[in-house]
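Chain letters run A, B, ... following the sequence lines, proteins first and then strands; every chain starts at 1. None of the values given here were measured: they were computed from a predicted structure.
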Amino acid sequence: MLYLTTIKHSYIKAVQTAFGIELNENDVLINETRKEFDGDYTFVIFPLVKTLGKSPEDIGKTLGEWLVTNDENIIGHNTIKGFLNLTLSFQFWTETIKSISKVSNYGISAPNGKKVMVEFASPNTNKPLHLGHIRNILLGWSCSKILQANGYEVIKTQVINDRGIAICKSMLAWQKFGNDATPTSTQIKGDHFVGEYYVRFEQELMKEYNEFQSSAEGIAIYDGLKKEGQDQTTFFKEYKNKYFNDHSALGAEAKQMLLKWEAKDADTVALWQKMNQWVYDGFDVTYDKLGVTFDSLYYESDTYLLGKKAVDIGIKKGVFYQEPDGSVWVNLEDVGMDRKIVMRSDGTSVYITQDIGTAQQRYADYGIDKMVYTVADEQDYHFKVLFEILKRLDEPFADGLYHLSYGMIDLPTGKMKSREGTVVDADDLIAEVIAEATEMSAERGEIVTLTEAEQINTLRKIGLGALKYFIIKVQPKKRMIFDPKESVDMQGQTGPYIQNAYVRIQSIIRKAGSEASSDAYLYVDINEQEKTLIKHIMNFPDIVKEAGEQYDPSSIANYSYALAKDFHRFYHDVRILNAETSEAKSFRIQLSIIVGDVLSKAFDMLGIEMPERM
RNA sequence: GGCGCCGUAGCUCAACUGGAUAGAGUACCUGACUACGAAUCAGGCGGUUGAAGGUUCGAAUCCUUCCGGUGUCACCA
């Protein structure tokens with residue numbers, strides 16, 4: 001808040017001159033004056049009351065008088081309880097707008113020379129993306145944009161979980177039941193196509209498992225292992241994993257396939273590559289619709305063996321220790337965590353070992369200063385452990401690690417459960433919001449003047465604007481309830497509401513034509529609506545900074561709404577193009593241009609596009 | 001059970017990180033298009049901030065204890 005710091009400094013000076021107390025900038029609290037009181041900005045002077053032993057009214061009066069005399073921007077003051085309210089001159093407002101209009105990249109920081117890698121999306125290749133991925137992607141993408149706006153060089157990446165037992169299940173089912181069908185031959189999007197075989201595998205497995213449960217062997221196991229009073233259904237639900245590993249024929253085949261893959265068997269690898277490629281082609285379509293791209297990709301098939309070297313080094317450094325059976329552990333009990341295995345007794349690595357190795361690899365690849373992992377909060381503990389280990393290994397990037405943790409999404413009906421078929425598919429959802437936007441737009445008939453291609457693009461922007469805003473306005477760490485009906489709302493606190501403010505501004509700009517606005521800053525009759533807008537515009541750089549420090553796009557989302565709301569009110573109450581004087585007109589056009597600019601920058605940071613008309 | 005996160009209007013979310021009488025949207029009523037685009041604006045209704053204590057000029061925010069929800073505690077990822 002460049003423009004407010006001058007006021008702050010005046011206040012510090014006032015306190016120093018009047019009372020001989022040295023304050024530094026962080027001790028001073030300045031707020032916008034609440035509507036019900038007289039003034040523009042307010043200092044809280046309670047802290048001084050205590051140290052000075054004077055009444056708040058006396059202190060406020062002394063400071064207020066000093067400020068009015070010594071700062072030309074301040075033209076009035078009053079003190080209520082411990083609050084010193086100040087009124088600013090009209091020049092302050094016009095000068096503020098003047099200087100903001102001259103800044104080329106208002107709210108955006110210059111490059112700071114630091115690199116940050118942001119990881120998000122990170123799907124498995126055995127099924128399509130769903131609503132949970134969308135929250136993840138929006139958060140990761142938005143944080144990337146926000147960090148960029150804060151001066152960082154950002155490298156967007158994802159880990160693609162392209163190996164393991166899950167994809168083998170899809171592969172096996174396709175081999176057995178696919179009859180050489182392909183996404184092309186069936187006209188099914190590749191990720192959905194492969195996902196269907198994953199589901200098919202689970203169905204076949206359940207068929208097999210059900211037979212097993214009524215077989216003599218199954219009954220014997222139930223009788224032998226059941227807990228006191230446990231019924232058969234509950235028992236077999238819990239036993240499923242063990243069944244898959246120890247009894248299932250299909251399970252054995254899938255595991256066999258995984259072993260063949262690990263042994264680099266040519267046919268298996270070829271099948272794996274073919275099916276994964278189908279999935280990637282499908283993902284690309286979804287990413288494209290969401291408007292996201294990546295600068296770098298890490299495939300788990302390349303990284304799953306990384307980290308073994310780190311284990312050796314860790315042992316030498318005394319960070320890890322080896323058990324007699326050969327397994328390797330780290331003990332984090334002194335910092336309130338547990339013992340954690342980092343290498344199995346058979347010498348294979350576990351998940352966290354891969355993560356250690358991958359982090360080191362990324363540092364080697366890019367020399368990054370910071371790394372942000374966008375991963376749901378169910379892995380909070382995992383990342384606590386990972387970061388602690390990297391710290392103990394003295395990794396140079398260890399202080400720059402951040403887990404962008406976010407709450408899972410619930411539906412109004414409860415949790416999303418793939419087994420119960422309540423998972424909201426990403427592609428379906430996107431299609432739905434665009435369809436809704438199309439319907440809403442048809443009622444209005446505004447965009448018919450556009451070409452067919454422009455219409456499609458506009459409807460996509462509006463539909464996705466609604467969806468994205470709905471998700472990103474909630475603070476990341478909070479669990480959110482996703483009501484499909486509300487997500488396509490386009491009125492009230494929604495993406496389209498804010499887009500509409502921008503569109504109105506563009507309409508004004510189109511109509512204002514090339515009329516120069518040199519007299520804009522001669523305007524003297526600043527009104528409340530204009531002041532409110534200017535105050536909010538002044539906050540923008542701070543909001544961007546805070547969003548970057550907190551890794552919190554929701555603050556930008558809420559800010560955008562507040563600004564759009566102020567603009568809508570301004571637009572409604574105040575005449576712009578046919579204003580009462582030419583200075584007023586010029587000033588209001590200039591003000592509108594800045595609001596539009598800030599809104600579009602803010603939305604860009606949220607990953608939401610602005611339509612020119614709607 | 002241990003540890004973590006979350007409880008704010010009927011519902012979905014805010015609250016400038018400890019500041020004035022806790023704000024928006026939605027839903028439900030009521031008004032405003034012969035003024036720059038009504039995806040808009042204005043008004044009404046709606047609260048013991050899960051509960052009880054504590055800290056201080058001042059608490060939704062910090063501390064303690066409960067209650068509810070959720071996650072995690074694998075030689076799974």
Determine whether A/Asp162 and A/Trp272 make a side-chain contact, defined as any pair of heavy atoms from C-beta on separated by less than 4.5 Å. yes
What pairs with A/His382 under side-chain hydrogen bond (donor to acceptor under 3.5 Å, both in side chains), at least two apart in sequence or on another chain? A/Asp355
Only counting residues at least two apart or in another chain, list the ones meeting side-chain hydrogen bond (donor to acceptor under 3.5 Å, both in side chains) with A/Tyr11. none
What pairs of nitrogen or oxygen atoms, one from the protein and one from nucleotides 61-63 of chain B, lie under 3.5 Å apart?
none

The correct set of residues in residues 120-129 of chain A placing a heavy atom under 4.0 Å from RNA chain B is none
Could you check whether A/Gln550 gets within reach of a base, just the sugar-phosphate, or nothing at all, counting any heavy atom under 4.0 Å? base
Heavy atoms only, 4.0 Å cut-off, all strands: where does A/Tyr497 land among base, sugar-phosphate and nothing? sugar-phosphate
By nearest atom, which of the nucleotides B/C57, B/C36, B/G71 is closest to the A/Glu378 side chain? B/G71
Counting side-chain heavy atoms from C-beta on, which of B/A77, B/A38, B/G19 comes nearest to A/Gln379? B/A77
Under 3.5 Å donor-acceptor pair, A/Ser345 side-chain atoms to B/C75 base atoms: yes
Taking atom types as they are modelled, would you say the side chain of A/Asn241 forms a donor-acceptor pair with the base of B/A74 within the 3.5 Å cutoff? no
Given the rule that a pair is Watson-Crick or G-U wobble with both distances under 3.5 Å, how would you write RNA chain B in dot-bracket, using | for pairs to a different strand? (((((((..((((.....[...)))).(((((.......))))).....(((((..]....))))))))))))....
Pair listing, ring pair (Phe, Tyr, Trp, His ring centres under 6.0 Å) test, anchored in residues 485-504 of chain A, at least two apart: A/Tyr497-A/Tyr561, A/Tyr497-A/His568
Sequence neighbours left out, what pairs pass salt bridge (charged side-chain N to carboxylate O under 4.0 Å, His left out) with at least one residue falling in [range]?
range: residues 340-354 of chain A; answer: none
range: residues 559-571 of chain A; answer: none
range: residues 460-477 of chain A; answer: A/Arg460-A/Glu609

Set of salt bridge (Lys or Arg N to Asp or Glu O under 4.0 Å) partners for A/Glu300, sequence neighbours left out: A/Arg163
Apply salt bridge (Lys or Arg N to Asp or Glu O under 4.0 Å) to A/Glu25 and list each qualifying residue two or more places apart in sequence or on a separate chain. none
Measure all distances between protein nitrogen or oxygen atoms and nitrogen or oxygen atoms of nucleotides 6-16 of chain B, and list the pairs falling under 3.5 Å.
{"from": "B/C6", "atom 1": "OP1", "to": "A/Lys477", "atom 2": "NZ", "distance (Å)": "2.3"}
{"from": "B/G7", "atom 1": "OP1", "to": "A/Lys478", "atom 2": "NZ", "distance (Å)": "3.0"}
{"from": "B/C13", "atom 1": "OP1", "to": "A/Ile481", "atom 2": "N", "distance (Å)": "2.9"}
{"from": "B/A14", "atom 1": "OP1", "to": "A/Gln475", "atom 2": "N", "distance (Å)": "2.8"}
{"from": "B/A14", "atom 1": "OP2", "to": "A/Lys478", "atom 2": "NZ", "distance (Å)": "3.1"}
{"from": "B/A15", "atom 1": "OP2", "to": "A/Gln475", "atom 2": "NE2", "distance (Å)": "2.8"}

Under 5.5 Å between ring centres and under 30° between planes: true for A/Phe46 and the base of B/G19? yes
